[in-house]
Amino acid sequence: MSLRSILSGVGGYLPERVVTNDELARTVDTSDAWIQERTGIRQRHFAAPHETACFMGAAAARAALAHAGATADDVDAIIVATSTPDQAFPSTAVRVQAQLGMTRGFGFDLAAACTGFVYGLSVADAMIRAGQVSGVLVIGSEVYSRILNWQDRGTCVLFGDGAGAVFLRAGQGNGTDQGILSTHLHAQGSLGDILYVDGAVGQPDRPGHLVMHGKEVFRHAVTRLAGAVEEALAANNLTHRDIDWLVPHQANRRIIDAMGKRLGLAADRVVVTVDRHANTSAASVPLALAEACQDGRIKRGQLVLLEALGGGLTWGSALVRM
Ligand code: COA
């Protein structure tokens, strides 16, 4: 039987500091009512200075390994999806490797904005199926609070900080179709200017702030994600009725609800964290997955569809039998 990537553990980390919409409204010209009505967001977590992508990623990784009953010795590779690394290099992944006390294996960062975790799952799955590695940590870790433009109320109220991780192990799926069934990745670079950061360490005196044309992103999100969902189901000869859980990227409650409706899934089959976490970019899908696995909603054997869309434009899906 061919090798498959089994999701053997999930974990998350959220900064201690919670910032409500009302607290934001003290310094930003906004209101709890506006934010909740347009996005479903009630609060977000903001990182303290020591809570970097590296620190939070390592914490989420430890939680995922513990959940899997594994240790750092079982890890061959670490992939960190982040747009907010501590440093240009070394990569966040090798810093996490050091924090986990690992003395072997390899790691690298991957940049695909909010789709980063789904991209990371796809790369890890390919490496596992090729027999290159047998234990991979895929982490999404972001501190968007450091790249927000506090003068732009159209974006600064939408994001939060956090990290999520999964530990993938090579396996045979116990004679079932357990594991990652498929991943589908997309990008359209010509849409790069509807959601971007206007700087980087390679730019003179421009660390960069997030810029977004919200309406354009919203329009693309609904159509592209619907396409990604249909593509994943068709590739596996499945229908909407086969899906047990949708774990979508957590950007906006209205986009999430639209996707759930298209799949014909009852609201209680769609994992939602955007109300409490806001948009944590590459961390949002693994954080939501970790929450729903650890509170017992998502169970072994169930079919879970992950999807995300973000700057690039990038988007994609992963279909997983837990
Ligand atoms: N508080 C109060 N008012 C705000 C506001 C805020 N935080 N942000 C914008 N407004 C105002 C605008 O100034 C505008 O006022 P005007 O009509 O007087 O000019 C009004 O609200 C409408 O703004 P608009 O930008 O058209 O709102 P919208 O209905 O498009 O909602 C988003 C804005 C960002 C919530 C919505 O476009 C969205 O969710 N987009 C997708 C975001 C997304 O998914 N991004 C992540 C992808 S990874």
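Side-chain atoms are counted along with the backbone in the values below, which use heavy atoms only and exclude waters and symmetry mates.
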### Query
Taking all non-hydrogen atoms of both residues, which atom of Q302 and which atom of D244 are closest, and how far apart?
CA-OD2, 3.3 Å
### Side-chain heavy atoms of V157 within contact of N21, under 4.5 Å
no
### Task
Determine yes or no for a side-chain-to-main-chain donor-acceptor pair under 3.5 angstrom, with R44 supplying the side chain and R276 the backbone.
no
### D86 side chain vs T52 backbone, donor-acceptor pair below 3.5 Å
no
### Summary
Taking every heavy atom of G9 against every heavy atom of H67, the minimum-distance pair comes out as CA-ND1, 3.4 Å
### Message
Please check this pair: side chain of T115 against backbone of T314, looking for a donor-acceptor N/O pair closer than 3.5 Å.
### Response
yes
### Task
Using a strict 4.0 Å threshold on nitrogen-to-oxygen distance, state whether D32 and R42 make a salt bridge.
no
### N-O pairing of D22 and R26 below 4.0 Å
no
### Task
May I ask you to test the H213-R219 pair for a side-chain heavy-atom distance under 4.5 Å?
no
### Query
Any side-chain heavy atom of V166 within less than 4.5 Å of one from L289?
yes
### Query
When rounded to the nearest 0.5 angstrom, what is the spacing between SG in C293 and CE in M322?
3.5 Å
### Heavy-atom check, side chain of R224 versus side chain of Q188, under 4.5 Å
yes
### ring pair (Phe, Tyr, Trp, His ring centres under 6.0 Å) between F46 and W150, intermediate numbers included
CA-CA 14 Å; F46 280 162; W150 299 104; 5.8 Å; yes
### Message
Show, in sequence, the C-alpha distance, side-chain angles and deciding distance for L306 and V320, and conclude whether the side-chain contact (heavy atoms from CB on, under 4.5 Å) test is met.
### Response
CA-CA 8 Å; L306 315 175; V320 184; 4.3 Å; yes
### Task
Mark yes or no for whether E142, through its side chain, and S83, through its backbone, hold a donor-acceptor pair below 3.5 Å.
yes
### Side chains of L238 and I243 in contact at under 4.5 Å (non-hydrogen atoms)
no
### Query
What orientation do W315 and H186 show, parallel under 30°, tilted 30 to 60°, or perpendicular over 60°?
parallel
### Query
Any chain of hydrophobic side-chain contacts (each under 4.5 Å) joining L158 to L14?
no
### Task
Please name the pair of heavy atoms, one in D109 and one in P85, separated by the smallest distance, quoted to 0.1 Å.
OD2-CB, 4.3 Å
### Task
Indicate yes or no for a side-chain donor-acceptor contact from T39 to the backbone of Q36 under 3.5 Å, with no hydrogens or angles considered.
no
### Message
Looking at every non-hydrogen atom in both residues, tell me the closest pair between G310 and C114 and how far apart they are.
### Response
CA-CB, 3.8 Å
### Task
Assess whether side-chain contact (heavy atoms from CB on, under 4.5 Å) is satisfied between T84 and I147, documenting all intermediate values.
CA-CA 8 Å; T84 47; I147 57 166; 3.9 Å; yes
## Note on the structure
Value for CE (M127) from OG (S5), rounded to nearest 0.5 Å, stands at 9.5 Å
### Point-to-point distance, once rounded to the nearest 0.5 Å, from CZ of F167 to CG of L137
6.0 Å
#### Entry: Between T155 and D152: side-chain donor-acceptor atoms closer than 3.5 Å
yes
### Message
Please evaluate residues F218 and I255 with respect to the criterion side-chain contact (heavy atoms from CB on, under 4.5 Å), reporting the C-alpha separation (whole Å), side-chain torsions for both, the decisive distance (0.1 Å), and the verdict.
### Response
CA-CA 7 Å; F218 194 100; I255 299 174; 3.6 Å; yes
### Task
Report whether L168 and V118 are members of the same hydrophobic cluster (ILVMFWY, side-chain heavy atoms less than 4.5 Å apart, transitive linking).
yes
### Message
Tell me the closest heavy-atom pair linking P248 and I256, and the distance in Å.
### Response
CG-CG2, 3.8 Å
### Query
Are the side chains of V197 and H209 in touch, meaning some heavy atoms are under 4.5 Å apart?
no
### Query
Does any N or O in the side chain of Q250 come within less than 3.5 Å of the main-chain N or O of V271, such that one atom is a donor and the other an acceptor?
yes
### Message
As a quick check of understanding, evaluate side-chain contact (heavy atoms from CB on, under 4.5 Å) for H277 and S284, giving each step before the final call.
### Response
CA-CA 8 Å; H277 301 174; S284 97; over 6 Å; no
### Check: R4 main-chain N/O paired with R129 side-chain donor or acceptor under 3.5 Å
no
### Query
So, does R206 use its side chain to make a donor-acceptor pair with the main chain of D198 at under 3.5 Å?
yes
### Summary
Smallest heavy-atom separation, A53 atom then T82 atom, equals CB-OG1, 4.1 Å
### Message
Under 4.5 Å between side-chain heavy atoms, counting indirect links through other Ile/Leu/Val/Met/Phe/Trp/Tyr residues: same cluster for I35 and V18 or not?
### Response
no
### Query
Is the number of heavy atoms from other residues, nucleotides or ligands within 6.0 Å of CZ (R262) greater than 12?
no
### Message
Would you say that V19 contacts Q43 through its side chain, given a criterion of any heavy-atom pair below 4.5 Å between the two side chains?
### Response
no
### Query
Is V274 reachable from V304 through a run of hydrophobic residues whose side-chain heavy atoms are each under 4.5 Å from the next?
no
#### Entry: Distance (rounded to the nearest 0.5 Å) between Q99 CD and I78 CD1
10.0 Å
### Query
Hey, are R17 and E23 close enough for a salt bridge, meaning a charged N less than 4.0 Å from a carboxylate O?
yes
### Message
Please check: side-chain N/O of E216 versus main-chain N/O of L191, any donor-acceptor pairing under 3.5 Å?
### Response
no
### Task
Without swapping roles, check the side chain of D275 against the backbone of I41 for a donor-acceptor pair under 3.5 Å.
no
### Query
Are L233 and L121 co-members of a hydrophobic cluster defined by side-chain heavy atoms under 4.5 Å apart?
no
### Query
Salt-bridged, K261 to D257, with N to O below 4.0 Å?
no
### Query
Is it the case that more than 12 heavy atoms not belonging to R300 sit under 6.0 Å from its CZ atom?
yes
